[in-house]
Amino acid sequence: MLTHLDAQGHANMVDVTDKAVTSREAVAESLVRMLPETLAMIQNGGHPKGDVFAVARIAGIQAAKRTHELIPLCHPLMLTSVKVELIAEQPDAVRIQARCKLAGQTGVEMEALTAASVAALTLYDMCKAVDKGMVIESTLLLEKLGGKSGHYRAEDPT
């Protein structure tokens, strides 16, 4: 059942008034592929714009906090924690993991997905002058905890 549509098929913000406040958490990931030389430049601190990972991390955190402004029908949430980690994977990739938490009436999957996506886009933006062929290969929800639907963990693709 699609919860964002009413009986007539019209877009509708879900009413969470009567839902219990519970601890909720979500982890999402994006993978960015690039030339090995680009990854080496990022890791060696040789980028003229500065610390690429730090800027992407801040962008991801900021994006999570503003998800309701970007995705129609998302509730504004009082996030209690947003963590964005960028992990260099030799020879040519950066794995971005975003973890969002709150105590609330609705989940934080969209906030985690938005954080990972915007961090990946920021990494691309900062490095496009040296590597226009970068690819944001995937963005997915890895895990969700809490709420009525319980625990979800993505299947291992390997």
Side-chain angles (χ1 to χ4, degrees), residues 1-34 42 49-89 93-128 131-158:
M1 178 177 162
L2 297 174
T3 57
H4 287 86
L5 300 176
D6 66 15
Q8 291 76 37
H10 300 125
N12 169 48
M13 187 175 200
V14 174
D15 185 350
V16 297
T17 305
D18 296 328
K19 290 175 86 176
V21 172
T22 60
S23 178
R24 296 160 186 264
E25 182 174 345
V27 182
E29 166 180 291
S30 288
L31 183 69
V32 183
R33 291 252 180 234
M34 62 196 65
I42 293 168
K49 291 184 179 180
D51 187 339
V52 174
F53 281 9
V55 175
R57 185 176 303 111
I58 291 167
I61 292 167
Q62 184 176 345
K65 293 165 48 173
R66 300 184 76 158
T67 299
H68 69 282
E69 296 175 13
L70 302 169
I71 310 292
L73 308 179
C74 277
H75 292 82
L77 301 180
M78 184 62 71
L79 296 169
T80 56
S81 176
V82 179
K83 292 189 167 103
V84 178
E85 184 179 5
L86 290 94
I87 306 134
E89 293 191 350
V94 175
R95 186 171 305 278
I96 301 164
Q97 289 192 347
R99 178 179 302 271
C100 295
K101 295 181 183 181
L102 62 64
Q105 295 167 291
T106 189
V108 291
E109 298 92 336
M110 293 309 301
E111 286 70 16
L113 286 161
T114 301
S117 298
V118 170
L121 289 167
T122 300
L123 193 149
Y124 185 96
D125 180 54
M126 290 190 73
C127 296
K128 69 183 184 277
D131 187 356
K132 288 183 179 28
M134 287 179 293
V135 175
I136 299 172
E137 209 169 78
S138 62
T139 298
L140 68 146
L141 180 68
L142 294 177
E143 188 172 20
K144 169 227 164 304
L145 298 109
K148 186 174 155 184
S149 64
H151 188 195
Y152 165 82
R153 182 174 297 211
E155 291 182 25
D156 186 358
T158 56

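Throughout, numbering of the chain's residues begins at 1 and tracks the sequence.
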Testing Glu143, Glu25, Glu85 for side-chain hydrogen bond (donor to acceptor under 3.5 Å, both in side chains) with Arg99, which one passes?
Glu25
Would you indicate whether the side-chain heavy atoms of [Y] and [X] approach each other to under 4.5 Å?
{"X": "Tyr124", "Y": "Asp131", "result": "no"}
{"X": "Cys127", "Y": "Met34", "result": "no"}
{"X": "Thr106", "Y": "Val14", "result": "no"}
{"X": "Glu111", "Y": "Leu102", "result": "no"}

Minimum heavy-atom distance [X]-[Y], with the two atoms named:
{"X": "Ala64", "Y": "Ala115", "answer": "CB-CB, 3.9 Å"}
{"X": "Gly60", "Y": "Val84", "answer": "C-CG2, 4.0 Å"}
{"X": "Leu113", "Y": "Leu140", "answer": "CD2-C, 3.6 Å"}
{"X": "Phe53", "Y": "Ile42", "answer": "CE1-CG2, 3.5 Å"}
{"X": "Val118", "Y": "Ala59", "answer": "CG1-O, 3.7 Å"}
{"X": "Ala26", "Y": "Ala112", "answer": "O-CB, 3.7 Å"}

Whether [X] side chain and [Y] backbone form a donor-acceptor pair below 3.5 Å:
{"X": "Arg24", "Y": "Gly146", "answer": "no"}
{"X": "Gln105", "Y": "Thr17", "answer": "yes"}
{"X": "Lys19", "Y": "Val21", "answer": "no"}

Roughly how far, to the nearest 0.5 Å, is the [atom2] atom of [Y] from the [atom1] atom of [X]?
{"X": "Ile136", "Y": "Ile96", "atom1": "CD1", "atom2": "CD1", "result": "7.5 Å"}
{"X": "Lys83", "Y": "Lys101", "atom1": "NZ", "atom2": "NZ", "result": "5.5 Å"}
{"X": "Leu73", "Y": "Met110", "atom1": "CG", "atom2": "CE", "result": "10.5 Å"}
{"X": "Ile71", "Y": "Thr114", "atom1": "CD1", "atom2": "OG1", "result": "4.5 Å"}
{"X": "Met134", "Y": "Arg33", "atom1": "CE", "atom2": "CZ", "result": "14.0 Å"}
{"X": "Ile61", "Y": "Arg66", "atom1": "CD1", "atom2": "CZ", "result": "14.5 Å"}

